2 protein chains.
Amino acid sequence: MKAVIPIDTKEQILNVAEELFAEQGFAGTSLRQVIKKAGVNLSAVHYHFGSKEELFRAVVARTAQPIVKTSLEQLALVEAREEPPTLEAILEAFINPSLLVFINNGGGDRSTNCARLMGRCRTEPDPIQKIADAEFEELCEAYLDALQRVLPDQSRNELNWKLDLVVAVLIRVLTEAGKPDALIQGNSPEAIELVVSRLVNFVAPGMRS
Amino acid sequence: MKAVIPIDTKEQILNVAEELFAEQGFAGTSLRQVIKKAGVNLSAVHYHFGSKEELFRAVVARTAQPIVKTSLEQLALVEAREEPPTLEAILEAFINPSLLVFINNGGGDRSTNCARLMGRCRTEPDPIQKIADAEFEELCEAYLDALQRVLPDQSRNELNWKLDLVVAVLIRVLTEAGKPDALIQGNSPEAIELVVSRLVNFVAPGMRS
DNA sequence: TTTTAATTCAAACGAATGTTTGAAAAACCC
DNA sequence: GGGTTTTTCAAACATTCGTTTGAATTAAAA
């Protein structure tokens, strides 16, 4: 007898939707593509999520929330260790969780899909962009506060655009993972630790300038 | 008698398509939206461009080519002035043309649309992404060559991902122009010069690290 | 076991989509 | 002016889309 691990319908839809929204975007992905790949019925989407947009919202939330949670935890750790922490420590706490997602997904497609999804959200008009912004608002505020304590001579405004650029860099690095010439070439903890280090070294001097 | 400046159909389509592709993406923009806004007939798109994808290709090309041209010219100037040029000079030559597009468009919507379009191309699956990559290939090769002469201790691979991140940063800055907290707040030559300077200062140390 | 609630099913709806088609109009050339 | 080429027009096509609907099935509760 073949042991089948039942995955519930809702989870199946989310998994496939995440993949396709990352690959093709919101407008470029049809619900029929999603349900076909997930092997479920079209009406299940509306039953469980209500609409395509709500499905997207759910996918973004489940992508963002683990990253936000871990990033806030790591910031708290860093601040508990020394107050004020170094700029490098803060940046590392910011960058690490996304890279952890990468490791936890074995460097497979899901790893880059999270980044691709976030990258896409940042190019969409509202309401899509606002969906993603809302998920990360708390995280950004916390890190801006921390940065302001470390770099008190810089305005909030300046720290804001710089942090935004760090996000752009991070998303790009993750999206390009595994491609020829990319910074990320492997997914062992050692390789990722090196990536984090190099990224911090890339952006820290700019943050200080 | 009202003086009407005739703009030809093809140009009208390209103008509107650029705007809508930037705002909504390839998949999210329908030809009917484009022709409605351009005030032309639907078949004109197929007559002049052959297909939606070819229209997109034409829009990307006309966005990219002035930037590529100016960037190559500025690199040549910088290299004529001193050999090897400074890293800062190279980065400035890279960043300036995009900012010039901003000034030339009066900081209006078209200014951010070019950046948004490029940003979107970078999140699309092929063949869209390849369309844009092809346009910038010559430019990237030229700048990588120049960077390699200035930073000979870094591998081509490393310079490649770093330049790619500079592009990500540049696109993001232009896309966010005019928003609260954004780096770009005005479009006078002086304001833009300051932006270029600050951007160079943001990325140059990271390039060297 | 029966009733109620939750979930899935498949068909249908109205709208939208890119492409094609042949005709009409406009532009060009001799 | 007439013939040819280019451009525009509007209708049509086949397909796809997100959403809705009522029925059937499954699961949970009494």
Side-chain angles (χ1 to χ4, degrees), chain A residues 4-62 117 120-121 124-131, chain B residues 4-62 117 120-121 124-131:
Chain A
V4 177
I5 304 176
I7 298 181
D8 77 25
T9 304
K10 191 170 175 180
E11 195 71 16
Q12 280 178 282
I13 295 174
L14 285 168
N15 287 342
V16 171
E18 180 185 279
E19 180 188 336
L20 294 182
F21 282 144
E23 168 85 9
Q24 298 167 167
F26 179 74
T29 302
S30 72
L31 293 176
R32 284 171 174 82
Q33 287 175 305
V34 173
I35 58 104
K36 183 175 181 182
K37 192 158 192 178
V40 301
N41 187 282
L42 182 54
S43 65
V45 175
H46 293 92
Y47 179 77
H48 288 285
F49 300 101
S51 67
K52 185 183 179 184
E53 184 175 310
E54 289 303 315
L55 171 61
F56 188 83
R57 207 179 282 268
V59 168
V60 172
R62 92 170 181 153
L117 190 62
R120 279 190 173 277
C121 290
E124 295 286 341
D126 294 332
I128 304 292
Q129 192 171 145
K130 277 198 162 60
I131 291 172
Chain B
V4 176
I5 304 175
I7 299 180
D8 76 26
T9 305
K10 193 170 173 179
E11 195 73 13
Q12 280 178 279
I13 295 173
L14 284 167
N15 287 343
V16 171
E18 180 184 279
E19 179 188 336
L20 294 183
F21 282 144
E23 168 85 11
Q24 297 168 170
F26 179 75
T29 300
S30 72
L31 292 177
R32 282 171 174 84
Q33 287 175 306
V34 173
I35 59 106
K36 184 174 181 183
K37 193 157 192 180
V40 301
N41 188 278
L42 182 54
S43 65
V45 175
H46 293 93
Y47 179 75
H48 288 285
F49 300 100
S51 67
K52 186 183 178 185
E53 185 174 311
E54 290 302 317
L55 171 62
F56 188 82
R57 206 180 283 269
V59 169
V60 171
R62 92 168 181 153
L117 190 62
R120 279 189 174 278
C121 290
E124 294 286 340
D126 295 332
I128 304 291
Q129 191 171 147
K130 278 199 161 61
I131 291 172

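Every chain is numbered from 1, with letters handed out A, B, ... down the list of sequences. Fair warning: this is a prediction, and the values are worked out from it, not measured in the lab.
One finds no side-chain N or O of A:His48 lying less than 4.0 angstrom from the OP1 or OP2 phosphate oxygen of C:dA6. Applying the 4.0 Å criterion to OP1 and OP2 of C:dT7, one finds that A:Thr9 has every side-chain N and O outside that range.
Put simply, NZ on A:Lys52 is 15 Å from P on C:dA16, counting in whole angstrom units. Rounded to whole Å, the distance from NZ on A:Lys36 to C1' on C:dC9 is 18 Å. For A:Leu55 and D:dC17, the CG to P distance is 15 Å, given to the nearest whole Å. Atom pair A:Phe26:CZ and D:dG18:P shows a separation of 8 Å (rounding to whole Å applied). In this structure, B:Phe49 atom CZ and C:dT19 atom C1' are separated by 16 Å, rounded to whole Å. Residue B:Leu42 contributes atom CG, which lies 17 Å from atom P of D:dT7 at whole-angstrom precision. The distance from atom CG of A:Asp8 to atom C1' of D:dA27 is 14 Å, rounded to the nearest whole Å. Per the geometry, CD belonging to B:Gln33 stands 16 Å off P belonging to D:dC17, to the nearest Å.
The side-chain heavy atoms of B:Lys52 and B:Val45, taken from C-beta on, include no pair separated by under 4.5 Å. Counting only heavy atoms from C-beta outward, the side chains of A:Phe56 and A:Thr29 never approach each other to under 4.5 Å. For the pair B:Asn41/B:Tyr47, no side-chain contact is recorded, criterion being any heavy-atom separation below 4.5 Å from C-beta on. When side chains are defined from C-beta on, B:Cys121 counts as touching B:Val60, because their heavy atoms get closer than 4.5 Å.
When heavy atoms are screened at a 4.0 angstrom cut-off, B:Ser30 is found touching the sugar-phosphate backbone but no base atom.
Counting only heavy atoms from C-beta on, B:Arg32 has its side chain closest to C:dG18 among C:dG18, D:dG18, D:dT8. When each of D:dT19, C:dT19, D:dT7 is scored by its nearest atom to the side-chain atoms of B:Tyr47, the top-ranked nucleotide is D:dT7. Of the listed nucleotides (D:dA10, D:dT20, D:dT19), D:dT19 has the atom at the smallest distance from the side chain of A:Leu31. When each of C:dC9, D:dC9, D:dT20 is scored by its nearest atom to the side-chain atoms of A:Asn41, the top-ranked nucleotide is C:dC9.
Defined by atom type and a distance below 3.5 Å, a donor-acceptor pair is present between the side-chain atoms of B:Gln33 and B:Gln24.
Comparing A:Ser51 and B:Lys10 against DNA chain D, the residue whose closest nucleotide sits nearer the 5' end is B:Lys10.
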